[in-house]
There are 2 protein chains.
Amino acid sequence: MSAKPIKLTTDRKSVLDILKSSDSPKGAYDILDELKKVKSNAVPMTVYRALDYLTEHGLVHKVENLNAYILCNHPEHHHICQIIICEACNKATESCDKELASLVQKKAEDAGFKISKAILEITATCEECLANDKGNAAL
Amino acid sequence: MSAKPIKLTTDRKSVLDILKSSDSPKGAYDILDELKKVKSNAVPMTVYRALDYLTEHGLVHKVENLNAYILCNHPEHHHICQIIICEACNKATESCDKELASLVQKKAEDAGFKISKAILEITATCEECLANDKGNAAL
DNA sequence: TATAAAATTGTTATAACATCACGTTTTTGG
DNA sequence: CCAAAAACGTGATGTTATAACAATTTTATA
């Protein structure tokens with residue numbers, strides 16, 4: 001019944017673990033550097049192949065804005081997700097707001113388009129960093 | 001009174017004209033190839049500098065998804081814009097739906113974020129291409 | 001208008017991100 | 001077991017973007 005026989009090979013598992021250990025997006029070559037610690041012969045293709053698989057299967061998102069990758073919070077459902085990145089602390093938060101997703105879907109349909117993929121990436125400052133900024137306002 | 005003294009130098013004007021002549025996003029190096037026709041000593045920096053200026057001033061959008069650039073339809077107002085790209089014909093359509101923009105704004109605020117930039121990029125198939133596909137459905 | 005500061009451009013090199021191509025090995029299903 | 005498919009190894013290369021610094025042009029204003 002399971003429609004998703006996801007096969008996690010050693011490389012894919014390693015890359016996934018590297019992404020799990022971070023709450024900010026990581027570039028492919030940063031991932032490569034980490035991967036080399038457990039697999040000394042890793043090369044860019046090793047990472048890109050794993051990332052391709054993981055993104056195709058919804059376990060990882062690419063942040064196009066940054067050419068970087070983050071773990072998906074809820075790989076079980078596939079809707080239009082939103083990623084918000086704090087430009088001060090680089091922390092990325094994924095949300096999957098249904099109201100927003102369905103509005104996007106609706107607008108695209110109304111315009112006659114059939115969506116295959118949609119990304120919403122927000123660059124912003126998070127609450128915590130905003131508070132910190134207030135403290136340093138004298139600057 | 002005008003808050004926007006946009007200075008279009010020769011290079012910027014040339015790059016803008018190149019983008020005006022296309023309804024699909026163009027990569028920086030494609031732009032460079034065209035720019036060389038009118039400025040033989042153009043190099044990547046020439047294009048990137050012009051693109052940086054034009055995007056900062058809202059005359060051009062970068063399509064992060066494609067690492068490509070398109071003309072902005074309505075440089076006069078600055079909200080959160082949406083770009084929808086047909087993956088069949090590559091034509092890009094920009095919209096600036098206020099309902100969508102304000103919902104994004106609201107969701108981000110509710111989550112405690114102060115937006116500095118938001119991009120919504122949709123990869124889809126346009127009405128026309130969908131119709132064509134139906135015709136070739138036998139494939 | 002002299003002139004200093006700011007903005008823009010010229011130029012070379014290099015960084016950062018990603019894929020191609022092709023051969024080998026491993027996994028999978030009949 | 002065997003053939004086909006999937007994954008991996010490996011080296012080269014392609015694509016996108018920026019760093020760094022010098023030279024020139026523009027702008028504001030004294």
Side-chain angles (χ1 to χ4, degrees), chain A residues 2-19 22 24-36 38-57 59-70 85 87 90 117 119 121 123, chain B residues 2 4-19 22 24-36 38-57 59-70 85 90 117 119 121 123:
Chain A
S2 127
K4 281 202 240 165
I6 290 180
K7 194 161 84 180
L8 285 187
T9 62
T10 309
D11 287 353
R12 289 169 192 164
K13 186 71 170 48
S14 300
V15 169
L16 200 57
D17 286 344
I18 288 167
L19 290 175
S22 170
S24 45
K26 277 187 140 58
Y29 282 73
D30 292 336
I31 294 168
L32 176 57
D33 288 343
E34 286 205 43
L35 183 59
K36 277 179 172 163
V38 297
K39 177 170 181 150
S40 58
N41 65 331
V43 294
M45 268 316 295
T46 317
V47 171
Y48 281 108
R49 277 171 178 157
L51 288 172
D52 283 352
Y53 184 91
L54 296 170
T55 52
E56 273 166 18
H57 291 76
L59 300 173
V60 163
H61 292 298
K62 178 173 185 185
V63 182
E64 299 285 353
N65 214 10
L66 302 174
N67 296 314
Y69 304 82
I70 55 166
I85 307 138
E87 55 192 340
N90 291 314
K117 174 186 169 189
I119 59 173
E121 294 178 5
T123 305
Chain B
S2 125
K4 281 200 240 165
I6 289 180
K7 194 160 85 182
L8 285 187
T9 62
T10 309
D11 287 353
R12 289 169 192 164
K13 185 68 170 50
S14 300
V15 168
L16 200 58
D17 286 343
I18 288 166
L19 290 175
S22 170
S24 45
K26 278 187 138 58
Y29 282 76
D30 293 335
I31 294 169
L32 177 57
D33 287 343
E34 286 205 42
L35 183 60
K36 277 179 172 163
V38 297
K39 176 170 180 151
S40 58
N41 64 331
V43 294
M45 271 313 299
T46 316
V47 172
Y48 280 107
R49 278 170 177 158
L51 288 172
D52 283 352
Y53 184 91
L54 296 170
T55 52
E56 273 166 17
H57 290 78
L59 300 173
V60 163
H61 292 297
K62 179 175 184 184
V63 182
E64 299 285 352
N65 213 10
L66 303 173
N67 296 315
Y69 304 82
I70 55 165
I85 306 137
N90 291 313
K117 175 185 170 190
I119 58 173
E121 294 178 5
T123 305

Checking [X] now: which residues fulfil side chain to side chain contact (heavy atoms under 4.5 Å, CB included) with it, not counting sequence neighbours?
X	answer
A:Glu34	A:Ile18, A:Lys26, A:Lys37
A:Asn90	A:Ser24
A:Asp30	none
B:Thr46	B:Asp11, B:Leu35, B:Lys39, B:Ala42, B:Val43

[X] [atom1] - [N] [atom2] separation (whole Å):
X	N	atom1	atom2	result
A:Asp52	D:dC8	CG	P	12 Å
B:Asn41	D:dA23	CG	P	17 Å
A:Asp11	D:dA6	CG	C1'	13 Å

If you compare all heavy atoms of [X] against all heavy atoms of [Y], which two are closest, and at what distance to 0.1 Å?
X	Y	result
A:Lys7	A:Arg12	O-NH1, 2.9 Å
A:Pro25	A:Ile70	CA-CG2, 3.2 Å
B:Gly27	B:Ala68	N-CB, 4.0 Å

Nearest-nucleotide 5' precedence on DNA chain C, B:Lys7 against B:Met45: B:Lys7
So which one's nearest nucleotide on DNA chain C is more toward 5', B:Pro44 or B:Thr9?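 Its nucleotide being nearer the 5' end, the pick is B:Thr9.
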Run the salt bridge (charged side-chain N to carboxylate O under 4.0 Å, His left out) test against B:Asp52 and tell me which residues pass, sequence neighbours left out. none
Below 4.0 angstrom, which residues in residues 24-33 of chain B have at least one non-hydrogen atom near DNA chain C?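 Here the set is empty: none.
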If an axis is fit to five pairs at each end of the helix from C:dT1-D:dA30 to C:dG30-D:dC1, what is the angle between the two, to the nearest 10°?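 Overall, the helix from C:dT1-D:dA30 to C:dG30-D:dC1 bends by 40° from one end axis to the other.
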Taking only residues two or more places apart in sequence or in another chain, which ones pass side-chain hydrogen bond (donor to acceptor under 3.5 Å, both in side chains) with A:Lys36?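 A:Lys36 satisfies side-chain hydrogen bond (donor to acceptor under 3.5 Å, both in side chains) with no residue once adjacent residues are dropped.
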Checking A:Ser22 now: which residues fulfil side-chain hydrogen bond (donor to acceptor under 3.5 Å, both in side chains) with it, not counting sequence neighbours? none
I'd like the 5' and 3' limits of the part of DNA chain C contacted by chain A, with heavy-atom contacts below 4.0 Å. C:dC17 to C:dT28
Residue whose closest nucleotide on DNA chain D lies nearer the 5' end, B:Arg49 versus B:Glu64: B:Glu64
Sequence-distant partners of B:Tyr53, ring-ring contact (aromatic ring centres under 6.0 Å, His included), two or more places apart: B:His57
